[in-house]
Amino acid sequence: MIKHDSIRLLATEKIAAAIQKMGHDLSADEIYKALVEPPNSDMGDLAYGCFILAKSLKKGPPQISGELAANMELDSNLIRAQAAGPYLNLTFAPQAFGEKVLNPILTGEHFKKALVEKAPKTMIEYSQPNTHKELHVGHMRNLCLGDSIVRMLRYAGREIVSATFPGDMGTHVAKCLWYMKKHNQEPVPATGKGEWLGSMYSKANLLLEDQNGTPQEDLNRQELTAILKQLEAGKGEYFDLWKETREWSIELMKSVYKWADVTFDEWYFESEMDAPSAAWVKELYAEGKLEKSEGAIGKNLEAEKLGFCMLLKSDGTGLYATKDLLLARHKFQDVQIEKSVYIVDMRQALHFKQVFRVLEMLGFEQAKNCFHLQYNYVELPDGAMSSRKGNIVPLNDLVRNMEEHVKTQYLARYKDEWSQDDVNLIASQVAKGAIFYGMLRMDTNKKIVFDMNEWLKLDGESGPFIQYSYARIQSLLRKFPRTQKSVNWALLTHPAEKQMMQALSGFNTAVAQAAENYKPAAICTYLYETAKKFNVFYHECPIGTEKDEAIREARLALSAAVGATLKQGMAVLGMPAPEKM
RNA sequence: GCACUCGUAGCUCAGCUGGAUAGAGUACUUGACUACGAAUCAAGUGGUCAGAGGUUCGAAUCCUCUCGAGUGCACCA
């Protein structure tokens, strides 16, 4: 393991020395791992729980912590070591934090440390939207999660390949094109074609459902089948229409990715996997690696309670699993990845269990390094969102509403002071911050009930809270520029200052843990708490107006370090950091 | 029926790889702008951690069962 936290490392060395003085030995890794934060910050900066030592020393933890405290050597960095029950609480001098944490933060060095020892080449596949459908707030959760996880892992030092896998083939496409050609009366709009196409899909479903049970139903089915055949054959009027309309949807996706500042290293399309994947499965069947059941070809996984993984329908065409199988082979063999993460809705859990198992049975060792990162879906107060039913909140509506709200509710007061460009930029940054934070702050297995009015409330634990703290720091630094290069950190003795420094020293540990667990929500919590501590410090300690120049400089430097950390943290989540707001 | 996820304050959620007194936000009641930015801060009210057993020196956290909510389970993606 990499012991990247300088304060924890200092504590580890001191404790190791004390243990040795007591005639015993414990590895640095074991000590480092066992360091925790005390429940109350005035008990100390770090605590060491003596539970592991209790076993090898055959004494009670409270006794050991007492002996350890007596054997700790204090110096200018470590100023207090006190036993409290089974814990040994350690307090460090402000200058220890200043030199080991704040200076590296201010130079930027602190954010360049490698946090993981092993960095296997990992593919993160996320954002698998269907073409010919509208993008809605549900897609946003996936996008925010994927983007932040890519950023987190890269920050921690992992080699990441990001990929998207849009669904540009299938019955949803046929339905959309069918309605567009046979029933639609509206002209194609000059702009917003992607959104318009989504409405065609939704209308197609309404009409089809309407005609279910009428003589028209059979006819509709025949027409859809004919369209699908044309698409598969790769020629005909519907194929041409598909090629054209597909671009409209891709355009829409790209505009959203641009807004979100998301880029993909690889774009895979279902249409590219379709025919080759079916051909490969036929080969595998011929080689005796797959079996036939009720006319379909696949793999029976009943013994593992995974059902039957169907790979070819009885009509010989492939399925979603078929394409995922081929795509996985491509990732392993051509892109040479060692780990593969799929960020997909929890409803696909069985699908991925089946696909991973089949890959394993086919002899792909990497299959055991495949991981389905499942998340719960976003629904509306009156139930599940479905582009089929048309009860969705389009992504663009959310963004527009949010930006408008920020402008009228918050930025109106600056309308004579700031340029229109500034207002627009900041509204967009704040809207983005609110949306990203809102999507990320909850654990992935929690459902998100999307209520527009709730989302427009920007107080309390929200993205703008963190952005606001950052903007205020920047404003402070503009108004009171730092004048001295060296800082006397020892002057930062106020409890609020101490807590601030403790918080900053924990940044890399927080990100490393979040990255290890694929948990951006943990960074949300960290940033929120850090921003909150800054607000306390800001209210308790005069900064720019402090008369003692040395204290003022130290506080300004601390504020600058908080700003740099918040900015880095927001960057890891994909949130912009406004210089003013 | 089988499998998976969830159940913590009125509401929305942290805490879950066992460890110190279960925390935030919101709502409600108060207080703080001639001030370095009030999108802020301070104080108060609010808990049978769904329930019952078990493992352990120690359980919101791990195991089993029960109850409740949701999702998935063959030719959709």
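The analysis underlying the following values was restricted to heavy atoms, covering all of them including side chains, and did not include hydrogens, waters or symmetry mates. Letters go in sequence order (proteins before strands), and every chain restarts at 1.
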> If the P atom of B/A20 is compared with that of B/G58, how far apart are they to the nearest Å?
Replying inline: 15 Å

> Contact class for A/P38 vs. all strands (heavy atom < 4.0 Å): base, sugar-phosphate, or nothing?
Replying inline: base

> Over how many whole Å does the gap from A/E304 atom CD to B/C73 atom P extend?
Replying inline: 19 Å

> Are A/K498 and A/D42 within salt-bridge range, i.e. N to O under 4.0 Å?
Replying inline: no

>> Reading RNA chain B from 5' onward, which residue's closest nucleotide shows up sooner: A/Y528 or A/L476?
In response: A/Y528

> Quick one: do A/E217 and A/R221 make a salt bridge, cutoff under 4.0 Å?
Replying inline: yes

> With a centroid cutoff of 5.5 Å and a plane-angle limit of 30°, would you call A/F308 stacked on B/A74?
Replying inline: yes

> What distance, rounded to whole Å, do you find between the two P atoms, one in B/A27 and one in B/U12?
Replying inline: 15 Å

> Between B/A74, B/C36, B/A38, which one does the side chain of A/P542 approach most closely?
Replying inline: B/C36

> Between B/G70, B/A20, B/C75, which nucleotide has the shortest distance from any of its atoms to the side chain of A/S314?
Replying inline: B/C75

> So does A/K446 get a side-chain nitrogen or oxygen closer than 4.0 Å to the phosphate oxygens (OP1/OP2) of B/C13?
Replying inline: no

>> Determine whether a donor-acceptor pair (one donor, one acceptor, N or O, separation below 3.5 Å) exists between the side chain of A/T171 and the base of B/C76.
In response: no

>> From the set B/A20, B/C73, B/C41, return the single nucleotide nearest to any side-chain atom of A/H539.
In response: B/C41

> Checking all strands, does A/V36 fall into the base, sugar-phosphate, or nothing category for heavy-atom contacts under 4.0 angstrom?
Replying inline: nothing

> Looking for any heavy atom pair under 4.0 Å, which part of the strands does A/G544 touch: base, sugar-phosphate only, or nothing?
Replying inline: base

>> Checking ring pair (Phe, Tyr, Trp, His ring centres under 6.0 Å) between A/F371 and each of A/Y518, A/Y342, A/F356, which is the one that passes?
In response: A/Y518

>> What's the closest nucleotide to the side chain of A/N535 if the choices are B/G72, B/A20, B/U40?
In response: B/U40

> Does B/A39 have A/F465 stacked on its base, where the ring centres are within less than 5.5 Å and the planes differ by under 30°?
Replying inline: no

> Nearest of B/U12, B/A3, B/C75 to any side-chain atom of A/M442?
Replying inline: B/U12

> Under a 3.5 Å cut-off for both distances, is B/A24 Watson-Crick or wobble paired, and to whom?
Replying inline: B/U12

>> Regarding A/L350, tell me which of base, sugar-phosphate or nothing describes its non-hydrogen contacts under 4.0 Å with the strands shown.
In response: sugar-phosphate

> Which nucleotide sits closest to the side chain of A/Y377: B/G70, B/C13, B/G37?
Replying inline: B/G70

> If you look at every strand shown and take non-hydrogen atoms under 4.0 Å, does A/Y414 touch a base, only sugar-phosphate, or nothing?
Replying inline: base

>> If I pick the C1' atom on B/U45 and the same atom on B/G18, what distance separates them, to the nearest angstrom?
In response: 32 Å

> Is the closest side-chain heavy-atom distance between A/W242 and A/M169 below 4.5 Å?
Replying inline: yes

>> Tell me the interatomic distance from A/W455, atom CH2, to B/U12, atom C1', rounded to whole angstroms.
In response: 12 Å

> Can you find a pair of side-chain heavy atoms, one from A/R472 and one from A/N535, that are under 4.5 Å apart?
Replying inline: yes

> P atom, B/G25 versus B/A3: distance in rounded Å?
Replying inline: 41 Å

>> Taking any heavy-atom pair under 4.0 Å as a contact, classify A/K447: base, sugar-phosphate, or nothing.
In response: sugar-phosphate

>> Over all strands shown, is A/Y410 touching base, sugar-phosphate only, or nothing at heavy-atom distances under 4.0 angstrom?
In response: base

> Can you tell me if the side-chain N/O atoms of A/N445 get under 4.0 Å from OP1 or OP2 in B/C6?
Replying inline: yes

> With sugar-phosphate meaning primed atoms plus P, OP1 and OP2, does A/C541 contact a base, only sugar-phosphate, or nothing at under 4.0 Å between heavy atoms?
Replying inline: base

> Mind checking the C1' distance from B/U8 to B/A22? Whole angstroms is fine.
Replying inline: 8 Å

> Does B/A39 have OP1 or OP2 sitting under 4.0 Å from an N or O in the side chain of A/Y468?
Replying inline: yes

>> Counting only side-chain heavy atoms from C-beta out, which of B/C41, B/C75, B/G37 sits nearest to A/E294?
In response: B/C75

> Between B/G37 and A/K479, is there an OP1 or OP2 to side-chain N/O distance shorter than 4.0 Å?
Replying inline: yes

> Do A/I15 and A/L90 have side chains that get closer than 4.5 Å, going by heavy atoms?
Replying inline: yes

> Taking atom C1' in both B/C76 and B/C63, what distance in whole Å separates the two?
Replying inline: 39 Å

> For atom P, what is the distance between B/G46 and B/C13, given to the nearest Å?
Replying inline: 23 Å

>> Using a 4.0 Å heavy-atom cut-off, does A/S462 contact any base of the nucleic acid, only the sugar-phosphate backbone, or nothing at all?
In response: nothing

>> Suppose we call two aromatic rings close when their centres sit under 6.0 Å apart. Are A/F534 and A/F537 close by that rule?
In response: yes

> Is the distance from OP1 or OP2 of B/A39 to the nearest side-chain N or O of A/R413 less than 4.0 Å?
Replying inline: yes

> If you check the A/Y538 side chain, which of B/C13, B/C75, B/C36 turns out closest?
Replying inline: B/C36

>> I want to verify a distance call: between B/G15, B/C41, B/C75, whose nearest atom is closest to the A/K519 side chain?
In response: B/G15

>> Check this for me: does the side-chain of A/N89 come within 3.5 Å of the base of B/A20 through a donor and an acceptor?
In response: yes

>> Judged by each residue's nearest nucleotide on RNA chain B, which is more toward the 5′ side, A/K532 or A/T317?
In response: A/K532

> On a whole-Å scale, what distance lies between the P atoms belonging to B/G47 and B/U55?
Replying inline: 31 Å

>> Between P on B/C73 and CD on A/Q348, what's the gap in Å once rounded to a whole number?
In response: 9 Å

> Contact class for A/A522 (heavy atom, under 4.0 Å): base, sugar-phosphate, or nothing?
Replying inline: nothing

>> Determine whether a donor-acceptor pair (one donor, one acceptor, N or O, separation below 3.5 Å) exists between the side chain of A/S293 and the base of B/A74.
In response: yes

> Where the side chain of A/M346 is concerned, which of B/A39, B/A20, B/U5 is the nearest nucleotide?
Replying inline: B/U5

>> Below the 4.0 Å mark, does B/A38 have OP1 or OP2 next to a side-chain nitrogen or oxygen of A/R472?
In response: yes

